[in-house]
Amino acid sequence: MVDANLAKGECTGTIKFTPPLYKQRYQFIKDLVNKYKPKKVADLGCADCSLLWMLKFCKCIEVLAGLDICENVMKEKMHRLSPLPGDYLQPSERTLTVTLYHGSVAQKDPCMLGFDLITCIELIEHLEATELEKFPEVVFGFMAPAMVVISTPNSEFNPLLPGVTLFRHPDHKFEWDQAQFQSWALDAAGCYDYTVEFTGLGAPPPGAEDVGFCTQISVFRRKYPNTGEPINLEKPTENSYRTIFKAVYPSLKDEKYLQNAVVSEVINTAQIITRRLLDSFNSVYKEHSNGLVEMKPDFQLPRYFMRHSKNPSLAEGEKLADDRNMETYVSGNAVYIPLIKIFSIPKVNKLCGTFENLSKLITGKVALSNDGSAVVISTEHEEKENE
Amino acid sequence: MSGRARARGRGQAGRGAVRGGPPPAPAPAALPTGKDYSRSDDSQVVGTFVSEEEASTSSAHGGAARLSQRCDFSAGESKSQGAVLGKGGRTRYDFPDLGINTRKTIAHVRDCKTGSSGIPVKVITNLYSLLLPREWQLYQYHVTFNPEFESRRLRLALLYSHAEFLGKAKAFDGVILFLSQKLENQVTELLTETKRGERVKITITLKSKLPPSSPVCIQFFNIIFKKVLKKLSLYQVGQNFYSPSEPVVIPQHRLTLWPGFAISISQFESRVMLSADVSHKVLCNDTVLEFMTDLYTRCDRARFTETCEKELIGLIVLTRYNNKTYRIDDINWSVKPTDTFPKRDGTDISYVDYYKQQYEVVLSDLNQPMLVSRLKNKQKDSIEPRIVHLIPELCYLTGLTSRARADYRLMKDLVQETRLNPERRQQRLSRLTDNIQRNSEARLVLETWGLQLGCQISLTGRIVPTEKILMQGEMCLPMSASDWSKDLRNMKMLGVPSLDTWLIVCSNRNAEVMKNLLNCLRRVGGPMGFRIEYPKILHVQESTLAFLRALQQHVTPEVQLVMCVLPSNQKDCYDSIKKFLILDRPVPSQCVLACTLTKPGMMMSVATKIAMQIICKLGGELWAVEIPLKSLMVIGVDVNKDALNKGSSVVGFVASTNSRITRWSSRCILQTTGNDIADCLKVCMKGALSKWLKHNQELPARIIVYRGGVGDGQLKMVVDYEVPQLLSSLTELSTNYRPKVSVVVVRKKCIARFFAEADGSLRNPPIGTVVDTEATRPEWYDFYLVSQLVHQGTVNPTHYNVVYDDSGLKPDHMQRLTYKMCHLYYNWPCLHSNCSALCNVRTWKT
């Protein structure tokens, strides 16, 4: 992605990046996320939340936060960060909370503590001198995430861009050349105990290699390990940001959804086992009744099965208690599938973790045998009423 | 038993060829298409699923269409632009049938359309008043920019940056601006500057002042309320709003239900009101791919693709990666996820890579086929149908498959959850309205526009008198208007032929139950006046083939009726027997399921019902009601959309042939192109009149047409095309033939619900309750009639809209006559929700 194609328009003489640079910048972050698997990611200057929207699909992220000084631009598309109806149908295993804050990167707020990755894509060039001055202290000193990514235009590239006179965007307060950016970044890194690496996106055209990338990027990594707790006691506890959006995604960590998922899986498994059992019985029965035209009605099946299965009937109740651990058995008009057998199904096992948890989750939701050791599936065919 | 498999008019004509597909996800969603799930015999079951009634929408109404498509709404307090409400045309919420004023064309109801007979009863509705300040108006402005900007976002930003608009309620789509407060001047000019320093002149011109009752305003309110519901964390799926975070799972059928609401704002008789009803969205827990895999293990492999298409086409899916629903129009078995499609920027990408890149979704099955959905064109002029390909693995089925629908146990479990009695329904509605009033964000949305949700409306309905049932030589006044089967015991049916030559086909295994049934039939036949001779009995093997062979050998022209005792509820067996006995050897037939005959203690009542069915099939008459109008012909027309084949529909037509309205002639036409129903009505009408003439030696003096199957937005077509066609078919018959004609549009699916208070709790209103005030529309000659009894759940009142009437019948008489018609559905000795005419239409469609 870093060596993205650079096409020099033949006729117009304009430089065009494919995919567009802004997409390359987002992809750069996404690749970084996929590589380092951060759990908590914040985007400072998140604007219309496009990057956050892309990141919400990354399965490693559990906390996603956005901060911007302009509430309106965040609100424009923030609904895209809400869970989709489909997310509720198959809740994900991870938890995910997306929060948007209205506030300034020159101010501290405890909600930004403890992050693994903080991104500042094309942010710093929008900051006033006073804000820029506070920025390193807020981001590296206060927020102190494990990793920070900062991107900004490279002013040396500007002469190659058509129509750019002073800055690339009227709101830019400054645009740095490579030396300026790197010295600023090295200062910050040195001051707050981070390492920094430089890279960029949008390679210069042949012959102009020394101007450097169109977008310059620095990747900071904290040298000291995360203590988990905020180290700085002076850190303010009062909030300076205002939450304008918060979405908690449905997750299997939430017992409500976990229970639904487990109950569905258990019943589905039990139904499949029952169906197989009856099917296999049917085929056996057909062999036996070869030549007979008349079929026995369905409700006789289980009883027949009892005679032919190696499972004991109810009369041998004592023995049953020992044998039933893993064996499905039939009694009356019902099939009994031992819970332990259902627990051995990988999907159920993964959902519940422990057998006790399985029992707890399905109690009251799934029909169980008297001692609670087996799932009961009725084979009785209810008759269709016709009214 | 009777009416077991009433056809739902699902023809299977070939589908149009589908060409290659543009991008799957970025395309705008197609609205779910209209589906008609109505069945004649299980109104109680199906009636509850408001969720399924995603009625098709038609052309939008004037400028308001734009409004709903992409209007930016802002809540006044902040200088914000607010969240975009109508995401790029996603939420087309057309207000059907607005502005069709049929009442003014009907002279005798222009001043008063209410009836008078019956006992007054207090009825609580599901309608809530919308409180507006006196003199409230919506101001519609036209906004131009000089120089002009393409970007809507920029136009919004420029306009909203102006102090004049800070803190005001506003809605702006880039061209049209709505304000709830008037600007000082007719034309306002603003000067502003872009960030780049360009100077821009904005001209805002007042176009119109809209009163709350205007169609644009009504539509506007609907959008506001949509926004309110979103603030309550409800999700829009199809037309309604659901709460996926409170799922109800039915694990044994792998279904999930989302509780929710169907709401709309309309102008009712005297004011603008919000109507709200409970709705449930039914979703399958499985993806379409899992559904296909499961089907593959169950069905005949050789016919898998065919079976799969039959099951899936016409269903609505919800995708996992966006909030859109699509209708499955086809399945493309030759396109695989590894195939590529052109992206918007012109580059090609495979489906697998696209979903991986865009949504971090890894497809597990690279051989799955593609679901094909045709999108509705936003621009009417472009002929090219837009097509999207959807990955089965990423789609969930919504609603029920036909197989699920046929699963009695599934439906029973489902109904358990969705069928709410009046009390519970009211609780849910109260919770919704409480939430609207309490949630500060939701309330703010309303308040900025000066709106407030008022209280629940109650009104006075009337319980019209119970009808007398006319039998042979005597008459009875049923104890209960809802079910007079008990009253009928020991009474002779009105006109009964005798059953002399008939056949019973049954499997060897069911010989006993059949014998038992025969005895019972003969026993109940006596008091009814129905003489049943001993039939010829054929014992066969338990296979469809065996049944058919027996029929082929023994059905002769002399046979009056064939009865088949079916061993199981297998549809193909029933279908092939019916097909043979309708097409190949036309003979009336009665199919009975063996299992219905094994219920102890039920035999006599089952036999009674079967006997009545048989009488009808032999052309007999069971009972009648007093019809004070002589020479009245009643016609029922129903149109069902074909679920499989978009655009085609089945038209059923029945017409009475005697003045007692107990005998009917019928016709059923498969209409391949949607719009010329009027033409085939004309043909049917002529046929019906000549039949009447043959039986009565004169043409009917009065004709009442009950027209069902009119979806949202189709009323205009009925009024503008069908009615004139019907009328012209009369004059074409004879120039001086001028019968008095009424045309009534019947709708079973209406949003109105009525509750009656009794003993401190809410009940269904008594049968025969007529509502013709408040909940009706000022521009229509309409009324509601509660004509069926439901034991569980909430009754669906039937809405009758008289769109044409030169009969001069008083509203009271029209209501009473309609009520009488509800008694004449012969499948049950009870009142039915629809007019008999309509029910008979459905019965005849088989």
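So that the names make sense, note that chain A is the first sequence line, chain B the second, and so on, each numbered from 1.
Neither the backbone nor the side chain of A/Lys365 comes within contact range of chain B, judged by heavy atoms closer than 4.5 Å. For B/Arg320, the parts lying under 4.5 angstrom from a heavy atom of chain A are both the backbone and the side chain. Heavy atoms closer than 4.5 Å to chain B are found nowhere in A/Lys56, neither backbone nor side chain. Neither the backbone nor the side chain of B/Cys395 comes within less than 4.5 Å of any heavy atom of chain A. Proximity to chain B is limited to the side chain of A/Lys30, based on heavy atoms less than 4.5 angstrom apart. With a 4.5 Å cut-off on non-hydrogen atoms, A/Asn34 touches chain B through its side chain but not through its backbone. Only the side chain of B/Asp294 comes within contact range of chain A, with at least one heavy atom under 4.5 Å from a heavy atom of that chain. Residue A/Pro85 touches chain B through both its backbone and its side chain, counting heavy-atom pairs closer than 4.5 Å. For B/Ser245, the parts lying under 4.5 angstrom from a heavy atom of chain A are both the backbone and the side chain. Both the backbone and the side chain of A/Pro83 come within less than 4.5 Å of a heavy atom in chain B. Within the 4.5 angstrom heavy-atom criterion, no atom of A/Arg80 approaches chain B.
Between the side chain of A/Glu76 and the backbone N or O of A/Val73, no donor-acceptor pair lies under 3.5 Å. Under the 3.5 Å distance criterion, the side-chain polar atoms of A/Lys39 are left unmatched by any main-chain donor or acceptor of A/Ile61. Remark: side-chain polar atoms of A/Ser251 are paired, donor with acceptor, to backbone N or O of A/Arg94 under 3.5 angstrom.
Below 30°, between 30° and 60°, or above 60°: for A/His126 and A/His172 the angle between ring planes is above 60°, a perpendicular geometry.
At a cut-off of 3.5 Å, with distance as the only test, a side-chain donor of A/Gln27 or A/Asp31 sits close to an acceptor on the other residue. For the residue pair B/Tyr396/A/Gln90, the side-chain donor-acceptor check at 3.5 Å is satisfied.
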